[in-house]
Amino acid sequence: MDQIRIRGGRTLSGRLPISGAKNAALTLMPAALLTDEPLTLRNLPRLADVDTFSHLLNQHGASTAVEGSRPEDFGRVMTLRAGKITSTTAPYDIVRKMRASILVLGPLLAREGVATVSQPGGCAIGNRPIDLHLKGLEALGAEIELTSGYVRAKAPGGLRGGRITFPMVSVGATENVLMAAVLAKGESVIENAAREPEIVDLANCLVAMGAKIEGIGSERLLVQGRDRLHGATYAVMADRIETGSYACAVATAGGEIELVGATAASLGATLDALHQAGVETHQTNDGLLVKRANGLHGINVGTAPYPGFPTDMQAQFMAMLCLAEGASLLTETIFENRFMHAPELSRMGADITVKGRSAFVRGVPALTGAPVMATDLRASMSLIIAGLAAQGETVVSRIYHLDRGYERLEEKLQGVGADIERVSDG
Ligand SMILES: CC(=O)N[C@H]1[C@@H](OP(=O)(O)OP(=O)(O)OC[C@H]2O[C@@H](n3ccc(=O)[nH]c3=O)[C@H](O)[C@@H]2O)O[C@H](CO)[C@@H](O)[C@@H]1O
Ligand SMILES: C=C(OP(=O)(O)O)C(=O)O
């Protein structure tokens with residue numbers, strides 16, 4: 001199995017390209033099931049999760065053709081075409097690899113009136129139920145049964161418009177219900193919708209496909225269902241979590257890098273938290289310039305749905321704050337088990353106390369390299385960040401988590417001067 005070896009202590013400088021957003025790609029790809037015409041997605045990141053989603057769409061009968069991209073390019077163009085749906089079942093073997101597979105449920109149901117999708121189950125960071133997805137689809141007239149580990153949904157006369165008020169904010173449930181509503185008969189209202197920029201990306205793509213949606217970017221989405229959608233060409237937004245991750249990397253290791261293609265606008269609370277910790281950023285013509293001018297200082301930050309501070313940035317901030325002057329308090333309100341990086345960071349010399357949903361980090365003058373194990377995607381990135389700043393060698397194992405969400409991470413970091421390589425443990 002591959003590992004990543006880092007010899008820490010080098011400052012970073014230069015330009016680092018930001019890829020298309022994983023979490024936007026994973027909701028734009030199932031949108032292709034809503035039409036029999038081609039949906040061309042530009043700036044699609046080369047990630048294990050994107051390959052898994054292609055595989056899932058292929059087994060529903062959709063083609064996923066990659067167009068003329070060179071191996072050295074970041075991102076690629078993919079044309080997805082679901083001319084005819086040949087299977088409405090998303091099997092366990094694919095869904096268990098990637099939770100976002102549940103996002104085929106709404107589109108399949110809307111287009112075919114029936115869908116059978118394996119229940120995704122929990123994952124390392126938490127339980128992650130799908131009750132809100134199901135309640136939302138039921139509000140549009142779906143009949144749903146849970147048997148033998150599968151969600152079996154049908155809408156014999158087709159979905160009809162309805163009103164759903166989510167009791168809590170869910171990114172995935174909002175996406176699933178929005179994709180179903182665009183082909184339902186009549187008007188739907190989604191209240192307490194998630195407002196993440198990736199949902200705005202999905203809604204804009206659906207509009208480009210002929211959908212009628214009002215309130216994009218707000219907590220109330222109003223959808224007028226259409227009989228059919230058409231094809232479109234759409235560019236996936238830049239990855240705000242990848243941007244924030246590399247911003248934390250340069251803030252921790254020191255130096256100055258330009259994150260090419262990044263936009264400050266979608267970073268919101270991540271940018272505010274970086275500034276509070278003493279990191280400087282400037283929007284340039286090409287992206288975002290990030291530098292650690294002086295020392296870092298401790299901050300208090302709690303995760304929350306957008307526009308709050310993202311749970312997907314909590315682990316990377318924890319790594320950065322290990323080397324800040326003073327103490328920091330990180331509170332995780334979204335997932336119940338998302339501090340698994342804390343014991344690994346402690347093995348590198350960090351001073352962290354976790355109590356329930358809070359992690360108290362006391363800054364230390366230095367970290368030391370160590371063999372560490374990645375437990376989930378963003379936890380893995382926190383270990384990379386710590387390794388870049390640590391004295392000596394860090395070897396991160398179980399890096400398949402990283403390949404889900406960071407396109408050619410070691411190549412990008414080598415490009416800004418890091419001593420990092422992928423090695424095989426034999
Ligand atoms: C592919 C993708 O876009 N993944 C993102 C998405 O995940 P995902 O869409 O799974 O996350 P949700 O926003 O749905 O989850 C938020 C919270 O709601 C709970 N919940 C969710 C659905 C449900 O039916 N019932 C329920 O109780 C979850 O357990 C969690 O505690 O948003 C998360 C929160 O920003 C991010 O960390 C993930 O990176
Ligand atoms: C939790 C994440 O992703 P997923 O929902 O795909 O597991 C993430 O991107 O940090």
Side-chain angles (χ1 to χ4, degrees), residues 1-26 43-52 69 71-76 98 236 238-253 255 257-262 270 287-288 290 310 312-320 341 344-345 348 369 371-390 393-425:
M1 223 186 276
D2 287 354
Q3 299 176 323
I4 283 184
R5 182 163 58 208
I6 307 167
R7 292 183 190 86
R10 289 202 186 183
T11 56
L12 307 180
S13 72
R15 285 159 61 87
L16 186 151
I18 294 301
S19 295
K22 162 184 140 319
N23 287 351
L26 297 184
N43 199 32
L44 198 64
R46 296 178 195 226
L47 297 172
D49 273 9
V50 167
D51 293 342
T52 306
S69 59
E72 65 270 28
D73 292 338
F74 288 99
R76 56 193 172 178
M98 187 187 58
V236 181
D239 196 318
R240 66 191 170 103
I241 306 298
E242 189 195 27
T243 302
S245 302
Y246 288 122
C248 286
V250 69
T252 314
I257 57 178
E258 187 175 22
L259 300 170
V260 178
T270 300
L288 192 70
V290 185
D312 292 352
M313 281 305 308
Q314 178 259 109
Q316 303 89 314
F317 264 71
M318 189 184 290
M320 176 181 85
H341 38 285
E344 294 301 289
L345 292 169
M348 299 175 73
V372 285
M373 196 165 67
T375 47
D376 66 74
L377 171 55
R378 308 304 169 185
S380 313
M381 189 62 192
S382 79
L383 301 176
I384 299 286
I385 292 169
L388 290 171
E393 185 174 288
T394 295
V395 177
V396 184
S397 55
R398 302 214 177 151
I399 58 165
Y400 50 84
H401 294 293
L402 278 171
D403 293 332
R404 284 189 50 219
Y406 290 93
E407 182 173 5
R408 285 143 75 189
L409 167 126
E410 63 278 21
E411 205 181 309
K412 289 190 183 186
L413 284 169
Q414 282 160 3
V416 290
D419 186 346
I420 181 169
E421 60 185 337
R422 186 177 288 246
V423 291
S424 168
D425 71 352

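Keep in mind that this is a model prediction, so the values were computed, not measured.
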Given side chains that start at C-beta, do those of Ser245 and Met381 come closer than 4.5 Å, heavy atoms only? yes
Taking all non-hydrogen atoms of both residues into account, name the closest pair between Leu259 and Ala247 and its distance. CD1-N, 4.1 Å
Side chain to side chain contact (heavy atoms under 4.5 Å, CB included) between Arg378 and Met318, worked out: CA-CA 11 Å; Arg378 308 304 169 185; Met318 189 184 290; over 6 Å; no
Going by the rule side-chain hydrogen bond (donor to acceptor under 3.5 Å, both in side chains), which residues pair with Asp73 if we only count those two or more places apart in sequence or in a different chain? Arg70
Inspect the contact between Lys22 and Asp312 and indicate whether a charged nitrogen and a carboxylate oxygen are less than 4.0 angstrom apart. no
When rounded to the nearest 0.5 angstrom, what is the spacing between CD in Gln316 and CD1 in Ile241? 7.5 Å
How far does CG of Leu413 sit from CG of Asp419, to the nearest 0.5 angstrom? 11.0 Å
The reported gap from OG in Ser397 to CG in Asp2 (rounded to nearest 0.5 angstrom) is 11.5 Å
Checking Arg76 against Arg46 for the side chain to side chain contact (heavy atoms under 4.5 Å, CB included) test, could you report, in this order, the C-alpha distance in whole Å, the side-chain angles of both residues, the deciding distance, and whether it holds? CA-CA 7 Å; Arg76 56 193 172 178; Arg46 296 178 195 226; 4.0 Å; yes
Might you work through the side chain to side chain contact (heavy atoms under 4.5 Å, CB included) test for Ile420 and Ile384, ending with a clear yes or no? CA-CA 9 Å; Ile420 181 169; Ile384 299 286; 4.3 Å; yes
Going by the rule salt bridge (Lys or Arg N to Asp or Glu O under 4.0 Å), which residues pair with Glu421 if we only count those two or more places apart in sequence or in a different chain? Arg5, Arg7
Would you name the heavy atoms of Leu47 and Gly405 that are closest together and state the gap between them? CD2-C, 3.5 Å
Ignoring hydrogens and geometry, is there a side-chain-to-backbone donor-acceptor pair from Glu344 to Met373 under 3.5 Å? yes
Are side-chain heavy atoms of Met313 and Met320 found at a separation under 4.5 Å? no
So among Val290, Val416, Val260, which one has a side chain to side chain contact (heavy atoms under 4.5 Å, CB included) with Leu16? Val416
Just to verify, what does Asp376 make a salt bridge (Lys or Arg N to Asp or Glu O under 4.0 Å) with, not counting sequence neighbours? none
Which atom of Ala238 lies closest to which atom of Ile18, heavy atoms considered: CB-CG2, 4.1 Å
So, the side chain of Gln3 versus the backbone of Ile399: is there a donor-acceptor pair under 3.5 Å, distance only? no
Show me the pairs that pass side-chain hydrogen bond (donor to acceptor under 3.5 Å, both in side chains) and involve residues 8-21, at least two apart or across chains. Arg15-Glu258, Arg15-Asp286, Ser19-Glu407, Ser19-Lys412
Given side chains that start at C-beta, do those of Arg240 and Thr270 come closer than 4.5 Å, heavy atoms only? no
Between Arg422 and Leu402, is the side chain to side chain contact (heavy atoms under 4.5 Å, CB included) condition met? List the steps. CA-CA 12 Å; Arg422 186 177 288 246; Leu402 278 171; 5.9 Å; no
On a heavy-atom basis, which atom in Ala374 and which in Ser380 lie closest, and how many Å separate them? CB-OG, 3.1 Å
Could you tell me whether the side chain of His401 reaches within less than 4.5 Å of the side chain of Tyr406, counting heavy atoms only? no
I need the minimum non-hydrogen distance between Ala25 and Val236, along with the two atoms involved. N-CG1, 4.1 Å
Can you name the closest pair of heavy atoms from Ala390 and Gly369 and give their distance? CB-N, 3.7 Å
Who pairs with Glu393 by side-chain hydrogen bond (donor to acceptor under 3.5 Å, both in side chains), at least two apart in sequence or on another chain? none
Could you check whether any side-chain heavy atom of Tyr246 comes within less than 4.5 Å of a side-chain heavy atom of Leu409, counting everything from C-beta outward? yes
Are any of the side-chain heavy atoms of Leu383 and Thr394 separated by less than 4.5 Å? no
With Arg398 via side-chain hydrogen bond (donor to acceptor under 3.5 Å, both in side chains) - residues at least two apart: none
